[in-house]
Amino acid sequence: MNQLDMQGRHAVVTGGASGLGFAMVERLLRSGAQVTVWDHDANGMAKAQAAFLQAVPGAVVHSVKVDLTQHPEVVEAVKQSIAFAPVDALVNSAGISGPTVKSWDYPLADWHKVFDINVNGLYYCCRELAPHMKARNYGRIVNVASVAGKDGNPNASAYSASKAAVIALTKSLGKELADTGVRVNCVTPAAVKTPIFDQISPEHIQFMLSKIPMGRFGTPDEIAAMVAWLCTEDCSFSTGAVFDLSGGRSTY
């Protein structure tokens, strides 16, 4: 594992109790950061925290229970996290896939839920932590989008549209903060085998695999490596950018 320098830095990772977020937390801890995990699952966070401390002895890791779809809870989570230490990096990893159905059959409740978590919740986090970073003239925000936000996967309209929104928000916020020491970027992974696969039909999983020239899914560690670098000081001249992690599927 290449060594990245996050010594003395404090990162917040949403959805850090499982899946991609879990891998990102571990990589950041191994890079020397202290990390605060934001998640709605208190039991999951407790188990994850034990796993982190076993994997990285001496690591400093905190947990804050928060429903990202509720703006007041995000405001409170920011207060709690800043009390641990000033926040240097925000990784917006929390997200859901939603059902796999045609656009005209998509349940409205599910459509709103996908956007509440994938877009609104992410926006709340950026909205509340960007001024904190701007005031300190330093920060790194990394949003986890998806190659679906570029290509538009059939039978996944809410997920695709929500991730396209994440890409656009990243570009807007990156430009708004370009004259400060805050950098805002996003990653667009192709399918990665995590617990989110439990929400997706086997047919759709095979469709996603068929689109990847490398012929395999990505791994959480591969995504975490890129995200961790985007959280470092070395990422100094990229902002509002989209970093591809799709095994050759997307080349633009």
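Quantities reported herein were computed from a predicted structural model and do not represent experimental measurements.
- Considering CG of Leu230 and SG of Cys235, their distance stands at 5.0 Å, rounded to 0.5 Å.
- The hydrophobic side chain of Val60 is isolated, with no ILVMFWY side chain under 4.5 Å apart from it.
- The ring pair (Phe, Tyr, Trp, His ring centres under 6.0 Å) contacts involving residues 46-66 comprise Phe22-Phe52, His62-Phe84, where partners must be two or more places apart or lie in separate chains.
- Looking only at side-chain heavy atoms (C-beta outward), Pro107 and Val101 come within less than 4.5 Å of each other.
- Looking at residues two or more places apart in sequence or on another chain, you find a side-chain hydrogen bond (donor to acceptor under 3.5 Å, both in side chains) between Glu233 and Arg9.
- Nearest heavy atoms, Val147 versus Arg249: CG1-NH1, 3.6 Å.
- Transitive grouping of hydrophobic side chains (ILVMFWY, heavy atoms separated by less than 4.5 Å) brings Val78 and Val182 into a common cluster.
- Counting heavy atoms from C-beta outward, Ser238 and Arg183 have side chains that stay 4.5 Å or more apart.
- Side-chain contact check for Glu222 versus Met226: every heavy-atom pair is 4.5 Å or farther apart.
- Between the CE atom in Met6 and the CG atom in Asp234 there is a gap of 11.0 Å [rounded to 0.5 Å].
- Here the shortest heavy-atom pairing between Ala48 and Ala17 reads CB-O, 3.8 Å.
- Asn120 pairs by the side-chain hydrogen bond (donor to acceptor under 3.5 Å, both in side chains) definition with Asp116, not counting sequence neighbours.
- In terms of heavy atoms, Ser162 sits closest to Asn118 at OG-ND2, 3.2 Å.
- With rounding to the nearest 0.5 angstrom, the CG atom of Asp39 is 12.0 Å from the CD atom of Gln49.
- With respect to the salt-bridge test (charged N to carboxylate O, under 4.0 angstrom), the residues Asp151 and Lys211 do not qualify.
- Applying the ring pair (Phe, Tyr, Trp, His ring centres under 6.0 Å) test to every pair with at least one member in residues 94-121, sequence neighbours left out, gives these pairs: Tyr106-Trp111, Trp111-Phe115.
- You'll find the side chain of Lys150 reaches within 4.5 Å of the side chain of Val242, heavy atoms only.
- Heavy atoms only, all atoms of each residue included: Val142 and Cys231 are closest at CG2-SG, 3.9 Å.
- For the atom pair Ser246 OG and Met208 CE, the distance stands at 13.0 Å (nearest 0.5 Å).
- Two residues are said to be in side-chain contact when any heavy atoms from C-beta on lie closer than 4.5 Å; Val61 and Val37 meet this criterion.
- When the side chains of ILVMFWY residues are joined at heavy-atom separations under 4.5 Å, either directly or via intervening members, Leu173 and Val187 end up in two distinct hydrophobic clusters.
- If you chain together hydrophobic residues whose side chains sit under 4.5 Å apart, Val192 and Val166 never meet in one group.
- Here Ser93 pairs with nothing under the side-chain hydrogen bond (donor to acceptor under 3.5 Å, both in side chains) rule; sequence neighbours left out.
- The shortest side-chain heavy-atom distance between Val184 and Asn143 falls under the 4.5 Å cut-off.
- Both Val64 and Leu90 belong to a single network of hydrophobic side chains, linked directly or stepwise wherever heavy atoms of I, L, V, M, F, W or Y lie under 4.5 Å apart.
- The hydrophobic clustering, which links ILVMFWY residues whose side-chain heavy atoms are closer than 4.5 Å, places Leu4 and Val144 together.
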Please table the atom pairs, donor to acceptor, closer than 3.5 Å between any side-chain atom in residues 24-33 and protein atoms at least two apart or in another chain.
residue: Glu26; atom: OE2; partner: Arg30; partner atom: NE; Å: 3.2
residue: Glu26; atom: OE2; partner: Arg30; partner atom: NH2; Å: 3.0
residue: Arg27; atom: NH2; partner: Asn2; partner atom: O; Å: 2.9
residue: Ser31; atom: OG; partner: Arg27; partner atom: O; Å: 2.9

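- Using modelled atom types, one side-chain atom of Asp5 and one backbone atom of Gln7 make a donor-acceptor pair closer than 3.5 Å.
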Q: For Thr188 and Ile167, run side chain to side chain contact (heavy atoms under 4.5 Å, CB included): C-alpha distance rounded to whole Å, both residues' side-chain angles, the deciding distance at 0.1 Å, then the answer.
A: CA-CA 9 Å; Thr188 52; Ile167 292 171; 3.9 Å; yes

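- Residues meeting the side-chain hydrogen bond (donor to acceptor under 3.5 Å, both in side chains) test with His10, sequence neighbours left out: Thr36.
- Under the side chain to side chain contact (heavy atoms under 4.5 Å, CB included) criterion, Ile212 pairs with Ala190, Met214, Phe217, sequence neighbours left out.
- Across Ser81 and Val87, no two heavy atoms sit closer than the pair CB-CG2, 4.3 Å.
- To the nearest 0.5 Å, the span separating CG on Asp110 from CG on Leu108 amounts to 9.0 Å.
- Between Leu68 and Ile117, the closest side-chain pair of non-hydrogen atoms is not below 4.5 Å.
- Taking the side chain as every heavy atom from C-beta outward, Ile141 and Met133 approach each other to under 4.5 Å.
- Residues that satisfy the side chain to side chain contact (heavy atoms under 4.5 Å, CB included) test with Asp67, not counting sequence neighbours, are Thr69, Gln70, Glu73.
- Among residue pairs with one or both ends in residues 226-247, none qualify as ring pair (Phe, Tyr, Trp, His ring centres under 6.0 Å); sequence neighbours excluded.
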Q) Passes side chain to side chain contact (heavy atoms under 4.5 Å, CB included), Thr232 versus Arg140? Steps please. A) CA-CA 7 Å; Thr232 69; Arg140 299 290 184 265; over 6 Å; no

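- Considering all non-hydrogen atoms of both residues, Ile223 and Leu20 come closest at CG1-CD2, 3.9 Å.
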(Q) Show, in sequence, the C-alpha distance, side-chain angles and deciding distance for Thr14 and Asn92, and conclude whether the side chain to side chain contact (heavy atoms under 4.5 Å, CB included) test is met. (A) CA-CA 5 Å; Thr14 72; Asn92 285 304; 3.7 Å; yes

Table please: side-chain donor-acceptor pairs of residues 122-131 below 3.5 Å, with sequence neighbours left out.
residue: Tyr123; atom: OH; partner: Arg127; partner atom: NE; Å: 3.4
residue: Glu128; atom: OE2; partner: His71; partner atom: NE2; Å: 2.8

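- Rounding to the nearest 0.5 Å gives a distance of 5.0 Å between CD1 of Ile96 and NZ of Lys113.
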